[in-house]
Amino acid sequence: MMIASRVIVRGVVQGVGFRPFVHATATELGLSGSVGNSALGVVIDIEGDGEAIDAFVARVRNRPPPLARVESIEREDSPPLGRQGFCIIETDAGAVGRTLAPADVGICDDCLRELTDPSDRRYRHPFITCTNCGPRFTIIESMPYDRAATTMKRFPLCANCAAEYVDPSDRRFHAQPIACPECGPTLSFVEGDAPAVTGEGALLRARSLLRDGKILAVKGIGGFHMACDARDDRVVHDLRERKHRPSKPLAVMVRDVREARALGVVGDAEADAMSSRERPIVLVAKASGYTLSPSIAPGIPDIGIMLAYNPIQHLLLGLAGDAAGPAALVMTSANIGGEPILYSDDDLERVGDLADGVLTHNRPILMPCDDSVMRIFGSGRQLLRRSRGYAPLPVAAPFDLPPTLAVGADLKNTFCLAEGAYVWPSQHIGDMGDLAVIDSFAASESHFESITGVVPHQIACDEHPRYRSSSWARSRSGDRPVRVVGHHHAHVASVMGENGRDGSEPVLGIAFDGTGYGADGAVWGGELLLATYKGYRRLAHLGYVPLPGGDAGVERPYRMALAHLWHAGLDWESDLAPVAACPPREQSVLLHQLATGFGCVDTSSMGRLFDAVSSLTGVRQSVDYEAQAAIELEGISRGVDCAPSRYTFDWVQSDDDSWTADPRSVIRAVVRDLRAKVPADVIGARFHESVAHLVLEWAIRGRELAGVDEVVLTGGVFQNPLLLVRACALLGEAGFTPLTGLQLPPNDGGLAYGQVLVGSSS
Ligand SMILES: [Zn+2]
Ligand SMILES: [Zn+2]
């Protein structure tokens, strides 16, 4: 029977080849009608045989284009109008609404093939893209997503490209950022005051600069990278000096999985993650024949590897037949210290100051976006930074949300906008200690409002009275309510929400991190919370230890070790590593502070306990980057057999009916082992085992008290793979269901999502 149907498809359906796909599918099934974008999503008016329409809808649901995400399909039937043919309706410029802006996508196999095919008209074209790949989020100025709303609008299509753009059978049909050598952007290479070299010459110069052991800045998708030969220790040192980044690990870029396997232990799961369209940096163990500069990831067993994800990077690494150049490049964001990544053409001079030469181009980057970072653990993936490739795609909300902005935390900041069934986490913004980062936060936030269409009616922020993110929220709130959310409550809520829990049943939330402002004014960070979105009860925490001198205690782990020794009633004997590391004058000031409590704040931080043990075992006395002491302790402990012993936390019941796990018993046992000449790696392994067992003991206690067996593991400490894998195994054996983040990081980068959920539940 002939009928007509209106089909409305919602989800990620713009900029992913959806309309061409609809056109091709309808034509194949002999249906007539039209397809267009609207405020509602993709609207398809279609008519023909009823069974063919059923088949059409099934195809849309089950086999959409690779980058599409179909969230819902509505269909309404009516009598046929006798339309002929099928057409694509141009986007109405006034249409705005809940269509989702797409994320940047790594170069696809088809484009890579054309890039290397001398007979293709886009052979060696640095800006080759198609419907299935290329920049999106970083070039979109506004929604709906069309070429005129991207930074590609300044490059009118040539006749050949225009023909592809309107040909429904072409892979570039309605692909917005396409270009070719005739009509696209151009590369240029700048070195000092010399005149710029353009085109293929620019690439040749850039590659010879790298070959000569110099530092190249190269404009990519979300900003400038600084690149150098990853095998050349001298130039890696030089790069670290220019970036003011003494030892924080640097990522390495190679061409493909085969080359990645020469550098790291890349299993199937790691290979899949690396070559996924998001192309994150994947952390893997260094391979046994590791030959890169030892300065790339000093002091740790892992290395971060990413595959080339845009054509410029492939050309830089060289195609078959090109003069040999470095096969592995250090690729790190171009910035100094904690400043935001440089991305704009206005930044060219600063980029030029950092590097020996700059490979740039004239396709503007509108939104900066750092590379994402991931680790595979067990059968799961853990995103440590969710940014390029993921932003600005939303994650699902576990319940219907009012229009909300959550501003996140001050470290590893990301924010979230939310409304209805969606939460949009931003790209990685950075550490809010830097004024330029706060500016970048504000710019990204207003851009996110425009591309999501969310007008927040409330703002959620952290409880910390001195967080810059929180004061930003208060200063911008106007007459909108500001929802203040406890730090660790937000951590737990974030994991609950990602796992689809609606909050009607509480979970046991174990939040281990470095620093979070607690409800009693102490620095929390070793917490067991019985939590729903509406509230929480603190069932247990790590016993308080005085943290002397705030930031100094974080930057110099020996201070934390001395505080733990003092707290445990142990003398500062000179053979102990933290005592030897602390200058005598600093010792006397510290002792005075601890004795009087002056300049000290109580902390239950698990991150600081890792610091103290790292210092005691002589692993790390002062840090150049966050969590360095704990990361290096995990590094030496991994794979070490600590049987049969571990340490135990004594349990103390507090006045308020909660329990504290006393770190003093562990510190005393560590010192006993040191005196007995137990090697540092064995002590480290025993300590990890102890903390994993503490997780289990807390879960058992929580189950006895509340009858709950879902256990959320969250907070930056759970980025520790040894601890996370062991804790999950122990919980599983004891019949618990461990819950961890799926897309959002366990560190403060995942906090804003939890703030949204708690802030919307009061
Ligand atoms: Zn492609
Ligand atoms: Zn062209």
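Remember, it's 1-based here, ligands and their atoms both numbered in the order they're listed. What you see below is based on every heavy atom in this structure, not just the backbone, and it leaves out hydrogens, waters and symmetry mates. Please read these numbers as outputs of a predicted model, since none were measured by experiment.
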Under 4.0 Å between a side-chain nitrogen and a carboxylate oxygen: does that hold for [X] and [Y]?
X	Y	result
D54	R75	yes
E164	R122	yes
R124	D322	yes

Check your understanding: Can you give me the SG-the Zn ion (ligand 1)-SG angle for C111 and C108, to 10°?
Key ->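 It comes to 110°.
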Practice item. Round to 10° and report the angle made at the Zn ion (ligand 1) by SG of C133 and SG of C130. Key: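 Reported to 10°, the angle equals 120°.
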Review point. F137 pairs by ring pair (Phe, Tyr, Trp, His ring centres under 6.0 Å) with which of Y390, Y145, W424, F448?
Key: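 Of Y390, Y145, W424, F448, ring pair (Phe, Tyr, Trp, His ring centres under 6.0 Å) with F137 is met by F448 alone.
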Review point. Which angle, to the nearest 10 degrees, do you find at the Zn ion (ligand 2) between SG in C180 and SG in C183?
Key: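 About 120°, to the nearest ten degrees.
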